[in-house]
Structures are given as C-alpha cells and as structure tokens.
K.L.:
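Before we start, here is the structure in question, set down as structure tokens.
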Number of protein chains: 2
Amino acid sequence: MRRKELGPDKHVTIKDVAEAAGVSLATASRVLSGRGYASESTRERVNNAIRELNFRPNEMARMLTSQHTDSIGLVLKNLVDPYYGHLANGVLDRVHQLGYHVIVCATDENEQLEREHIEMLMRQRAAGIIAVPTGSNQESWQELINMGVKTVFIDRQVSGLGDVDTIQVDNVRGAHKAMSYLISLGHSRIGIINGPVYSQQYADRLKGYLDALTEAGIKPDQELQENLSSKSEDSTQAINRLLSLPKRPTALFMTNSSIANSAIFTLREYHLQIPDDISLIIFDDAPLAQINNPPITVVAQPMAAIGHLAMEQLDRILKQSEQQIQQPVQRIIISPELIIRSSCSSPKIKR
Amino acid sequence: MRRKELGPDKHVTIKDVAEAAGVSLATASRVLSGRGYASESTRERVNNAIRELNFRPNEMARMLTSQHTDSIGLVLKNLVDPYYGHLANGVLDRVHQLGYHVIVCATDENEQLEREHIEMLMRQRAAGIIAVPTGSNQESWQELINMGVKTVFIDRQVSGLGDVDTIQVDNVRGAHKAMSYLISLGHSRIGIINGPVYSQQYADRLKGYLDALTEAGIKPDQELQENLSSKSEDSTQAINRLLSLPKRPTALFMTNSSIANSAIFTLREYHLQIPDDISLIIFDDAPLAQINNPPITVVAQPMAAIGHLAMEQLDRILKQSEQQIQQPVQRIIISPELIIRSSCSSPKIKR
DNA sequence: ATGAGAAATGGAAACGCTTTCACATTAAAT
DNA sequence: ATTTAATGTGAAAGCGTTTCCATTTCTCAT
C-alpha cells in the first residue's frame, strides 16, 4: 500500500528490465553502462527489454551510488542582458556536448539571492559551478569549494578566497585597442566616460585609455575624463559636461553599454553628426551599437567564446580530479576584439 | 578502503549528525524535516550538530526516497534572443520563489537536440517542464507526459499530443491592436510584411490585420501584403516591393523583429522620414525598436509575465497532482500590449 | 496508584542503481 | 589431460534519506 495510487504507472526500474530479460540486476546494470563483461546474447536480451519497457535509468539513484552528478551550476546576474545571454548560451553549447546539464541561477547582483543559490547547488551536489560572482558571500563560496565543487569564475573574483580558476577579459588591452584605433585616425582630444573605478574592470579600462595616450605621446587631459561614482549613476551629466567643453573632444570612448546608451540619446540633442562631428567607440558590443545609424565601432567581448572556455576548463578540472590529478589553478585572460563599423573617422580640421 | 583518497573530506551525512547529537538516524531526520515528534532538547542538539558539522542534506538521496524532485526543465531556442531572455528570466524569478530549480536547455530549433534534452530531463526525473517546443518530437513529448512529467507549453503546441497546458499570446488581438491604432490615425493603405503563414502565429497576425481593416470598412489590398515563405527568408525584397509601389503605403506593419530589422535598414536607403513619410509599427518589442531614432511603436509580448504565469501554472499543477486532484488542462491566452512611441503619425495629405 | 493516550525515540526497510566479490563456465596453453 | 587465464553471471553490500512500526517514557484524568 505504499505505491502512490495517483499518476501514471510507477516508473520502470532496472529490476524490471532484469526480470524481463531473465538476468540478474547486476547483469542488466552491466550492459546498461557498458562496463564489465556481458555476452552478446545477454546484451541483446537486456537491450530489448530496455527498449520494450521504455526504461530510463534514474539519474538520482545513479548518482547516489556513483557519488557524482552531471549537474553544473551557472550563476549570473540575469538572462535579459545580452552580455549574459551570450555567455549562458556559450556555456550551454558545451555543457550539452560534454554530457552535463545546467542549473541556471540569476542573482540580480543580490547577495542574499546568490547565497541561496549557492546553498541550493551544494544540496544538489553540483559537480561544478561557473559563476559571475557578485563579489561578496566569501564564506559561502569557500564552503562550496571545500565541499569539492569545482568552480570557475568569470570576469570577477571574490576576495579572500584563495585562488580559483578564472576567465577574464583583458580590459586594459581592450581599452588600449580602442584608443590606438582612435589615435591612429588622428585623434588626440579623446574623452572617456567610464564606470566607477573602484571596480577593477573600469580601473583597467581607464588604465588602457591612459596608457595608449601616453604611449602615443599625448598627455592625458584630466578635463576629458569622467569616471562615474557608482554603477547606477546616470551618465547624462557627464556627457553634457564633455560636450559643452570649450574645446570639445573629437572622439568619445564609452566604457560600457549603458553609458553608451545615454550618450547616444544625449548626443542626438546636440545634433552632432557621427562620425563627422565626433567619433564614437564603445567598450562592449551592445545591440545599440549594431543598430544605430551609423553603426558604432566597438571593442567586443567574445562572451560566447568565454562561455565555451569556461565550460571546457571546468570539464578539464572535473576529469582531472577524477583521476586524482591536481592541476594548478589557471587564470585565462582573453583579449577583446575591435569591431570597426562607421562611427569613427579622422577628426575634422579645427576651425 | 572504499573512501576516495582524493578531494576534500567525504561529505557529512545525516548519520554523522545523528552520532554527533547522540540520537538515532530517524530522530535526526525528523528534526531536519520538521515533521514528526522531537523534544525541544533533542531538536536543539541536532540543530547544533547540523550547524557545527556544516551538514547539507543530499537532495539526490532525499529525492530517491521521496520519489519526487524539485527540478524544472526549461526548454527553449536560445538565450541570446531577448525574447527568450525575458521569458527565461520570468521563469527563473518564480522558480526560485516557489522552491524549485531549473535545468535550462537550448534547442536552437533543432529536433535532434530537443529530443536529447527531453531524454535527459526524463532521466533526471524532472518534476515539470516549461517549453517552447519546436513542434516535432511528438513521440518524445508523449512519453515524457506519460512518465508523469507535468508540462506547460509556451506559444506553440505539438500536434497530435492530446491537450497540454499552454500559455499563448493572442496574436490576432495583438495585430488588431496595431492596426486599429494605425487606422485611428487615418491610415488606410497599410502594408504588412509577415512571417510564413504556415506558422499559426503568423496566420493569426495576418488575420488580425485583415480583420481590423475589414471592420474599419477598408477593403484589404492584396498588393499591400507580403507573407514570407520561410522563417529564414530575407525580407529585403518584400520591403523593396512595397516601397516601390506606385501608390506607396502610408504605414508599414512588420510582424516580427527580424523583419523589422531588415526593414529599418532598407528604409534608410530610401531616405524616408519616419513617421512623416511613412509610419512604422512592429509586432514584438525588439531592442531595435527602443533604440531607433525615432523609437518605434510596437505591440509588445510581455514575455517576463508569461514566464511568471507559466511557472505559476506549473506549480499549481504539481501541487494538485500531489493531492491527487486532477484539474482540466488550461489554455491561458494573454493579450499583448501596444506601446506607443514616435514612429506613427497621421498620413500626410496626398500630393 | 493506574491505565490510556500522547510524545519521544530507535530499528529497519525501502528508494533505484553500481560495484565488489565469489563462483561457474569456457577457452587457451602446456 | 591438466593447469591457467579469460569470461560471464548473480548475491549482496552499499549510497543518504525518509518513513513505518514498535517500543519506551511522559502526562493526566480517574
């Protein structure tokens, strides 16, 4: 009387298969997994039974004995932002090819939420996790790692955590590429509207900006630099200041897409022609950049590729730990790519 | 000697907890789950043990006994398309609130892939699935449902499958809204560039177009209608035809965002002013529509809300089946919303 | 006191699978 | 023909929980 009366027929188990094939449980399991001896004839009988009974092994039971799952946790801010969309998609591609499956968690950059997700993934005994961490919850992450959950971070790190495999975009290099391009076009008064520099990311992009200028023998002008003071600050004001400068910059470097967004809208009010009156370049390939008229030159972070890399790396770690090999932690740094469109030209001769 | 030498210390089990607390396994389990008797003092001792040992129940083991998981499968095309991004995000919101977790699968509209994912979800014994099905794999879906996996489809159905709960957008109504708006502005020569009508979706949008016209006493003009013949067909040609008509339409209704995309680009070549020379309206709120200059009026499908609804519905079904209640299958139809921006105006007096 | 029912606890079976171990068979090698 | 090794098979012991059942210990009315 323990059988739930409701619902479709009780699931078919390997025991049913074994009975149907007239072999023992052990034998059925052997042909199912392909490991161990089994004569051709048995193999066939069992496989027939499997097919006829429509048997699907219960992964839960399987994991319980084998003590490892095929679950990968993917923790990121959300899925709406195409930045994360591409990342997630990249991960998904590989996940499937490599035989895992993903549990996706959106944190919305909320620490509490992130903690709950980490907790859940621990209970699910996820084999590994790929995350764009919020930066806090150091304790939870540490526990997770102690539990043996292999982890790969993307783009960000969690301080005080001991080394963790990480895949990062080279922000300095990316900003440098953008700037070199602008400089090669003849620009020297290049404005930058940057995110908050307390974030490593933006500090790096600023560094790239400064380095490129200096290397080209141009003295960076403090007047042309705007660093927002928080992630949520509206950049309109900053843009207005730059555009109202007596000697307006001939080019503008916007270090993220939300800045670019307000910039574009603000620019329209000034009725400036792009690229004739001002050249534009964005760090990050937002939809905006492709759609805008004219399309905007960007430094693109290859998010899908990063997703691929992350999953491949995770897989490697997982395989290794299975064989008791302990590889040193890696930090993979990949370089963003300059996509030249139509928003930059040589600066017009000063009137 | 069975203990894996590698890796972090073996997981702590409820048995360890019980020992530490000096109680039996059964008792520990009781306080863990909060079900059944347990004196205040034991409760406390066990909880202390749990905390000190950093115990996390193994959900796999738990599911094995309880015979049900908290896994929800989410099957959709990809995560890059913001349409699906919003949907997924909506689902994720509720999933977390309701205490489940999601396994996300991207099909890329590939039947083979879809089948593999369904297979995987069966083995994982997913409690339920939310899917935007490709439309094929009827057999796999049927099996899934037979296994007792509760399913909610979004936007599409799978033919020959017996009723399945579905959440749909009212495409007729949406198209009708767009058209009514245009008509109210005074348009009567309204062109439509539509997806392939073998897809119910587009058949419905066409119907909305036709209905609205007829109701307004305007005789639909075959000349103004373009229905692509496949999902991948480029719409540039269709647009060119419409724009080169001797009597050019005063407004254009584009029934999906990829059509809108090519349309916008093509339109630029004609140097037409929007909305002065031609009014534009799109079915679907693509990034393009918001960013374009001027921003484009659209009929928006509330994908996040749909995600919410889908998950709530699934939860309801799950809860019900737990209590042996069998509710009839529902088909929830929700109406898209007209978002008025700046791409439509009254038609200019004919010259 | 005493017996009845409630409260607290532990033993053990069950969930579906894998894997070790031992035994039986068969084939190969002397 | 006999030893040796390679094959094929089944019994049984887990894996970490929950839950049923039985037992013991309290609480109170009587």
K.L.:
Any chance you could lay out the salt bridge (charged side-chain N to carboxylate O under 4.0 Å, His left out) test for K77(B) and D81(B), step after step, and finish with the verdict?
P.N.:
CA-CA 9 Å; K77(B) 181 172 173 187; D81(B) 190 332; 5.5 Å; no
K.L.:
Indicate yes or no for a side-chain donor-acceptor contact from S321(B) to the backbone of Q324(B) under 3.5 Å, with no hydrogens or angles considered.
P.N.:
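No, the answer is negative, given that no donor and acceptor are paired below the 3.5 Å cut-off.
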K.L.:
Using a cut-off of 4.0 Å between protein heavy atoms and nucleotide atoms, how would you tag nucleotides 5-12 of chain D 5' to 3' with B, S and -?
P.N.:
--SBBBB-
K.L.:
Taking the nucleotide of DNA chain D with the closest heavy atom to each, which residue, A61(A) or S29(B), is nearer the 5' end?
P.N.:
A61(A)
K.L.:
Check the distance between dT18(D)'s C1' and E59(B)'s CD and give it to me in whole angstrom.
P.N.:
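It works out to 12 Å between those atoms.
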K.L.:
For L32(B) and dG16(D), give me the distance from atom CG to atom C1', rounded to whole Å.
P.N.:
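About 11 Å, once rounded to whole Å.
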K.L.:
Taking N58(A) for its side chain and A61(A) for its backbone only, find out whether a donor-acceptor pair lies under 3.5 Å.
P.N.:
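Between the backbone of A61(A) and the side chain of N58(A) there is a qualifying donor-acceptor contact (under 3.5 Å).
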K.L.:
Just N and O in the side chain of R35(B): are any of them under 4.0 Å from OP1 or OP2 of dT18(D)?
P.N.:
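Negative; the distance criterion is not met.
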K.L.:
When you measure from the side-chain N and O atoms of Q67(A) to the phosphate of dG14(D), is any distance below 4.0 Å, counting only OP1 and OP2?
P.N.:
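Answer is no, no contact under 4.0 Å.
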K.L.:
Starting from P on dT18(C), measure out to NE2 on H68(A) and report it in whole angstrom.
P.N.:
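Taking atom P of dT18(C) as the reference, NE2 of H68(A) is at 11 Å.
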K.L.:
Answer yes or no: is there an ion pair linking E44(A) with R51(A), defined by an N-O contact shorter than 4.0 Å?
P.N.:
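R51(A) and E44(A): not salt-bridged.
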K.L.:
Without decimals, in angstroms, what is the distance between L64(B) CG and dA13(C) P?
P.N.:
17 Å
K.L.:
Over how many whole Å does the gap from M122(B) atom CE to dG16(C) atom P extend?
P.N.:
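My rounded result for the distance is 16 Å.
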K.L.:
Please give, in whole Å, the distance from dT17(D) C1' to M60(B) CE?
P.N.:
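Going from M60(B) (CE) to dT17(D) (C1'), I get 13 Å.
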K.L.:
Taking NZ, NE, NH1 and NH2 as the nitrogens, is one of them in E116(A) or R123(A) under 4.0 Å from a carboxylate oxygen of the other?
P.N.:
no
K.L.:
With a cut-off of less than 4.0 Å, is there a side-chain N or O of T65(B) near OP1 or OP2 of dA14(C)?
P.N.:
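So the side chain of T65(B) is outside the cut-off, no N or O lying under 4.0 Å from OP1 or OP2 of dA14(C).
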K.L.:
Let me know the distance between CZ of R123(A) and C1' of dG16(D), rounded to the nearest Å.
P.N.:
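Rounding to the nearest Å, CZ of R123(A) and C1' of dG16(D) are 14 Å apart.
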K.L.:
Checking all strands, does T13(A) fall into the base, sugar-phosphate, or nothing category for heavy-atom contacts under 4.0 angstrom?
P.N.:
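Counting heavy atoms under 4.0 Å across all strands, the contact made by T13(A) is with sugar-phosphate only.
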K.L.:
Return the minimal non-hydrogen interatomic distance between C105(B) and L121(B), and the atom names on each side.
P.N.:
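Between these two residues, the closest heavy atoms are SG-CD1, 4.3 Å.
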K.L.:
Expressed as a whole number of angstroms, how long is the span from K15(B):NZ to dT18(D):C1'?
P.N.:
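Computing the K15(B):NZ to dT18(D):C1' distance gives 16 Å.
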K.L.:
Of the options H101(A), R125(A), E59(A), which is the one that meets S71(A) in a side chain to side chain donor-acceptor pair (under 3.5 Å)?
P.N.:
H101(A)
